[in-house]
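Predicted model, so just to flag it, every value in this text is computed and none were measured.
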Amino acid sequence: MRLVLEKSLIRDWQLDDCTNLATVANNKNIWRNLADRFPHPYTLEDANSWISLLLQQPEPSHWAIVVNNHIAGAIGVDLGEGIFAKTGHIGFWLGESFWGRGIMSENVPIISQYALQKFGLTRLETGVFGWNPASMRVLEKSGFVREAVLKNRIYKDGKITDHVLYGLVV
(Lines give C-alpha, C1' and ligand atoms only; values in the text may rest on other atoms or scores of the structure.)
Protein backbone atom coordinates (compact mmCIF):
# COMPACT_ATOMS: atom_id res chain seq x y z
CA MET A 1 0.00 0.00 0.00
CA ARG A 2 1.07 3.54 -0.69
CA LEU A 3 -1.42 6.34 0.00
CA VAL A 4 -0.23 9.91 -0.39
CA LEU A 5 -2.32 12.17 1.82
CA GLU A 6 -2.13 15.91 2.44
CA LYS A 7 -0.16 15.66 5.70
CA SER A 8 1.43 12.24 5.48
CA LEU A 9 2.09 9.07 3.53
CA ILE A 10 0.74 5.67 4.56
CA ARG A 11 2.82 2.80 3.25
CA ASP A 12 3.89 -0.76 3.90
CA TRP A 13 6.69 -1.28 6.39
CA GLN A 14 10.21 -1.93 5.10
CA LEU A 15 13.17 -3.54 6.87
CA ASP A 16 15.18 -0.34 6.56
CA ASP A 17 12.55 1.44 8.73
CA CYS A 18 13.88 -0.25 11.88
CA THR A 19 16.27 2.45 13.07
CA ASN A 20 13.81 5.27 12.42
CA LEU A 21 10.99 3.31 14.09
CA ALA A 22 13.06 2.58 17.19
CA THR A 23 13.99 6.25 17.51
CA VAL A 24 10.45 7.66 17.27
CA ALA A 25 8.77 4.84 19.26
CA ASN A 26 11.15 4.99 22.21
CA ASN A 27 9.04 7.50 24.12
CA LYS A 28 7.26 6.92 27.42
CA ASN A 29 4.44 9.32 26.45
CA ILE A 30 3.57 7.07 23.51
CA TRP A 31 3.96 3.86 25.50
CA ARG A 32 1.62 5.02 28.28
CA ASN A 33 -1.33 5.14 25.83
CA LEU A 34 -0.81 1.69 24.30
CA ALA A 35 -1.26 -1.95 25.25
CA ASP A 36 1.64 -3.81 26.80
CA ARG A 37 2.66 -5.45 23.52
CA PHE A 38 4.25 -2.04 22.73
CA PRO A 39 7.42 -2.11 24.85
CA HIS A 40 9.27 0.64 26.68
CA PRO A 41 12.06 1.26 26.21
CA TYR A 42 11.55 0.56 22.50
CA THR A 43 14.79 -0.85 21.11
CA LEU A 44 16.19 -1.52 17.66
CA GLU A 45 15.62 -5.22 18.38
CA ASP A 46 11.92 -4.49 19.11
CA ALA A 47 11.59 -2.60 15.83
CA ASN A 48 13.32 -5.37 13.89
CA SER A 49 11.09 -8.05 15.46
CA TRP A 50 7.89 -6.08 14.76
CA ILE A 51 8.70 -5.26 11.16
CA SER A 52 9.95 -8.80 10.47
CA LEU A 53 6.67 -10.18 11.82
CA LEU A 54 4.64 -7.79 9.66
CA LEU A 55 6.61 -8.66 6.53
CA GLN A 56 5.57 -12.31 6.98
CA GLN A 57 1.86 -11.46 6.73
CA PRO A 58 0.27 -12.68 3.49
CA GLU A 59 -1.81 -9.48 3.35
CA PRO A 60 -0.52 -6.33 5.12
CA SER A 61 -2.83 -4.95 7.78
CA HIS A 62 -0.38 -2.63 9.58
CA TRP A 63 1.31 0.35 7.96
CA ALA A 64 3.89 3.03 8.54
CA ILE A 65 2.89 6.68 8.71
CA VAL A 66 5.59 8.79 7.11
CA VAL A 67 6.04 12.57 7.30
CA ASN A 68 8.86 14.27 5.40
CA ASN A 69 10.54 10.91 4.71
CA HIS A 70 10.62 9.97 8.42
CA ILE A 71 8.56 7.40 10.29
CA ALA A 72 6.02 9.43 12.26
CA GLY A 73 3.93 6.57 13.63
CA ALA A 74 1.88 3.54 12.77
CA ILE A 75 -1.66 2.45 12.06
CA GLY A 76 -3.08 -1.02 11.68
CA VAL A 77 -5.93 -3.43 12.06
CA ASP A 78 -5.81 -6.74 13.91
CA LEU A 79 -8.29 -8.98 12.15
CA GLY A 80 -10.73 -11.04 14.19
CA GLU A 81 -11.01 -14.82 13.98
CA GLY A 82 -13.79 -17.37 14.39
CA ILE A 83 -17.03 -15.72 15.48
CA PHE A 84 -15.22 -12.35 15.31
CA ALA A 85 -14.08 -12.82 11.70
CA LYS A 86 -16.03 -9.75 10.54
CA THR A 87 -14.56 -7.48 13.24
CA GLY A 88 -11.24 -5.69 13.21
CA HIS A 89 -9.45 -3.90 16.03
CA ILE A 90 -7.85 -0.65 14.84
CA GLY A 91 -4.83 0.77 16.60
CA PHE A 92 -2.60 3.76 15.97
CA TRP A 93 0.11 5.88 17.48
CA LEU A 94 2.10 8.92 16.48
CA GLY A 95 5.50 10.18 17.56
CA GLU A 96 5.20 12.99 20.09
CA SER A 97 6.85 15.56 17.83
CA PHE A 98 4.00 14.98 15.33
CA TRP A 99 1.13 15.46 17.79
CA GLY A 100 -1.38 18.24 17.20
CA ARG A 101 -0.98 18.46 13.41
CA GLY A 102 -4.15 16.61 12.36
CA ILE A 103 -2.18 13.67 10.98
CA MET A 104 -4.25 10.98 12.69
CA SER A 105 -7.51 12.78 11.88
CA GLU A 106 -6.47 12.35 8.24
CA ASN A 107 -5.21 8.75 8.57
CA VAL A 108 -7.84 7.01 10.71
CA PRO A 109 -10.86 7.53 8.41
CA ILE A 110 -8.90 6.48 5.32
CA ILE A 111 -7.56 3.28 6.90
CA SER A 112 -10.92 2.53 8.52
CA GLN A 113 -12.73 2.58 5.18
CA TYR A 114 -9.90 0.70 3.49
CA ALA A 115 -9.90 -2.06 6.14
CA LEU A 116 -13.68 -2.45 6.13
CA GLN A 117 -13.69 -2.91 2.36
CA LYS A 118 -10.42 -4.81 1.86
CA PHE A 119 -11.02 -7.36 4.60
CA GLY A 120 -14.81 -7.60 4.29
CA LEU A 121 -15.37 -6.35 7.83
CA THR A 122 -18.67 -5.16 9.24
CA ARG A 123 -17.16 -3.56 12.33
CA LEU A 124 -14.02 -1.83 13.55
CA GLU A 125 -13.48 -1.28 17.24
CA THR A 126 -10.88 0.01 19.63
CA GLY A 127 -10.40 0.99 23.24
CA VAL A 128 -8.87 4.25 24.45
CA PHE A 129 -7.37 5.00 27.84
CA GLY A 130 -9.53 7.45 29.78
CA TRP A 131 -6.68 9.96 30.03
CA ASN A 132 -6.30 10.18 26.22
CA PRO A 133 -8.96 12.63 24.94
CA ALA A 134 -6.93 13.38 21.79
CA SER A 135 -7.40 9.81 20.49
CA MET A 136 -11.08 9.97 21.42
CA ARG A 137 -11.47 13.12 19.29
CA VAL A 138 -9.70 11.45 16.36
CA LEU A 139 -12.05 8.47 16.53
CA GLU A 140 -15.17 10.61 16.84
CA LYS A 141 -14.11 12.77 13.88
CA SER A 142 -13.61 9.51 11.95
CA GLY A 143 -17.17 8.33 12.53
CA PHE A 144 -16.57 6.02 15.50
CA VAL A 145 -19.18 6.02 18.25
CA ARG A 146 -18.45 5.77 21.96
CA GLU A 147 -20.15 2.54 22.99
CA ALA A 148 -19.06 2.02 26.59
CA VAL A 149 -16.92 3.28 29.41
CA LEU A 150 -15.49 0.50 31.54
CA LYS A 151 -14.60 2.19 34.82
CA ASN A 152 -11.16 1.63 36.33
CA ARG A 153 -10.36 -1.18 33.87
CA ILE A 154 -6.82 -0.17 32.88
CA TYR A 155 -3.72 -0.21 35.05
CA LYS A 156 -0.75 1.40 33.32
CA ASP A 157 2.31 3.26 34.52
CA GLY A 158 1.21 2.87 38.15
CA LYS A 159 -2.18 4.51 37.54
CA ILE A 160 -5.77 3.32 37.08
CA THR A 161 -7.98 4.74 34.32
CA ASP A 162 -11.15 3.97 32.42
CA HIS A 163 -11.27 2.00 29.17
CA VAL A 164 -13.42 3.86 26.63
CA LEU A 165 -14.70 1.58 23.86
CA TYR A 166 -15.43 2.86 20.35
CA GLY A 167 -17.00 1.16 17.35
CA LEU A 168 -17.54 1.88 13.68
CA VAL A 169 -20.23 -0.27 12.08
CA VAL A 170 -21.01 -0.64 8.39
Hphob cluster co-occupancy, [X] + [Y], side-chain heavy atoms under 4.5 angstrom:
{"X": "Met1", "Y": "Leu15", "result": "yes"}
{"X": "Val164", "Y": "Ile160", "result": "no"}
{"X": "Phe92", "Y": "Val145", "result": "no"}
{"X": "Ile154", "Y": "Ile30", "result": "no"}
{"X": "Leu124", "Y": "Phe119", "result": "yes"}

Is the closest side-chain heavy-atom distance between [X] and [Y] below 4.5 Å?
{"X": "Leu9", "Y": "Arg2", "value": "yes"}
{"X": "Val169", "Y": "Thr122", "value": "no"}
{"X": "Val128", "Y": "Arg137", "value": "no"}
{"X": "Met104", "Y": "Phe98", "value": "no"}
{"X": "Arg32", "Y": "Lys159", "value": "yes"}
{"X": "Leu121", "Y": "Val170", "value": "no"}
{"X": "Pro60", "Y": "Leu54", "value": "no"}
{"X": "Asp36", "Y": "Lys156", "value": "yes"}

- Test log, rule side chain to side chain contact (heavy atoms under 4.5 Å, CB included), inputs Val67 and Arg101: CA-CA 11 Å; Val67 175; Arg101 298 188 199 178; 4.1 Å; yes
What pair of heavy atoms forms the shortest contact from [X] to [Y], and how long is it?
{"X": "Ser142", "Y": "Val108", "result": "OG-CG1, 3.4 Å"}
{"X": "His163", "Y": "Arg153", "result": "ND1-NH1, 2.9 Å"}
{"X": "Leu94", "Y": "Trp99", "result": "O-NE1, 2.7 Å"}
{"X": "Cys18", "Y": "Ala47", "result": "O-CB, 3.4 Å"}
{"X": "Pro39", "Y": "Arg37", "result": "CD-O, 3.3 Å"}
{"X": "Ala72", "Y": "Trp93", "result": "O-CZ3, 4.2 Å"}

Give a yes or no on this: more than 12 heavy atoms of other residues, nucleotides or ligands lie within 6.0 Å of atom [atom1] of [X].
{"X": "Arg11", "atom1": "CZ", "answer": "yes"}
{"X": "Glu45", "atom1": "CD", "answer": "no"}
{"X": "Asp16", "atom1": "CG", "answer": "yes"}
{"X": "Glu81", "atom1": "CD", "answer": "no"}

Check whether any side-chain N or O of [X] sits under 3.5 Å from a backbone N or O of [Y] as a donor-acceptor pair, and report yes or no.
{"X": "Thr126", "Y": "Ile90", "value": "yes"}
{"X": "Asp162", "Y": "Val149", "value": "no"}
{"X": "Asn20", "Y": "Asp17", "value": "no"}
{"X": "Lys7", "Y": "Glu106", "value": "no"}
{"X": "Trp13", "Y": "Leu55", "value": "no"}
{"X": "Asn27", "Y": "Asn29", "value": "yes"}
{"X": "Lys86", "Y": "Gly120", "value": "yes"}

Going from [atom1] on [X] to [atom2] on [Y], what distance comes out if it is rounded to the nearest 0.5 angstrom?
{"X": "Glu140", "Y": "Tyr166", "atom1": "CD", "atom2": "OH", "value": "3.5 Å"}
{"X": "Leu53", "Y": "Asn48", "atom1": "CG", "atom2": "CG", "value": "11.0 Å"}
{"X": "Glu125", "Y": "Phe144", "atom1": "CD", "atom2": "CZ", "value": "9.5 Å"}
{"X": "Arg123", "Y": "Glu147", "atom1": "CZ", "atom2": "CD", "value": "4.0 Å"}
{"X": "Ile10", "Y": "Ile75", "atom1": "CD1", "atom2": "CD1", "value": "6.0 Å"}
{"X": "Leu34", "Y": "Ser135", "atom1": "CG", "atom2": "OG", "value": "8.0 Å"}

Exercise for the section: State yes or no: are the ring centers of Tyr114 and Trp63 separated by less than 6.0 Å? Expected result: yes
From the list Thr161, Asn33, Asp157, side-chain hydrogen bond (donor to acceptor under 3.5 Å, both in side chains) with Trp131 holds only for Asn33
Please tell me whether [X] and [Y] have a donor and an acceptor in their side chains that are separated by less than 3.5 angstrom.
{"X": "Asn107", "Y": "Ser8", "value": "yes"}
{"X": "Asp46", "Y": "Thr43", "value": "yes"}
{"X": "Asp78", "Y": "His62", "value": "yes"}

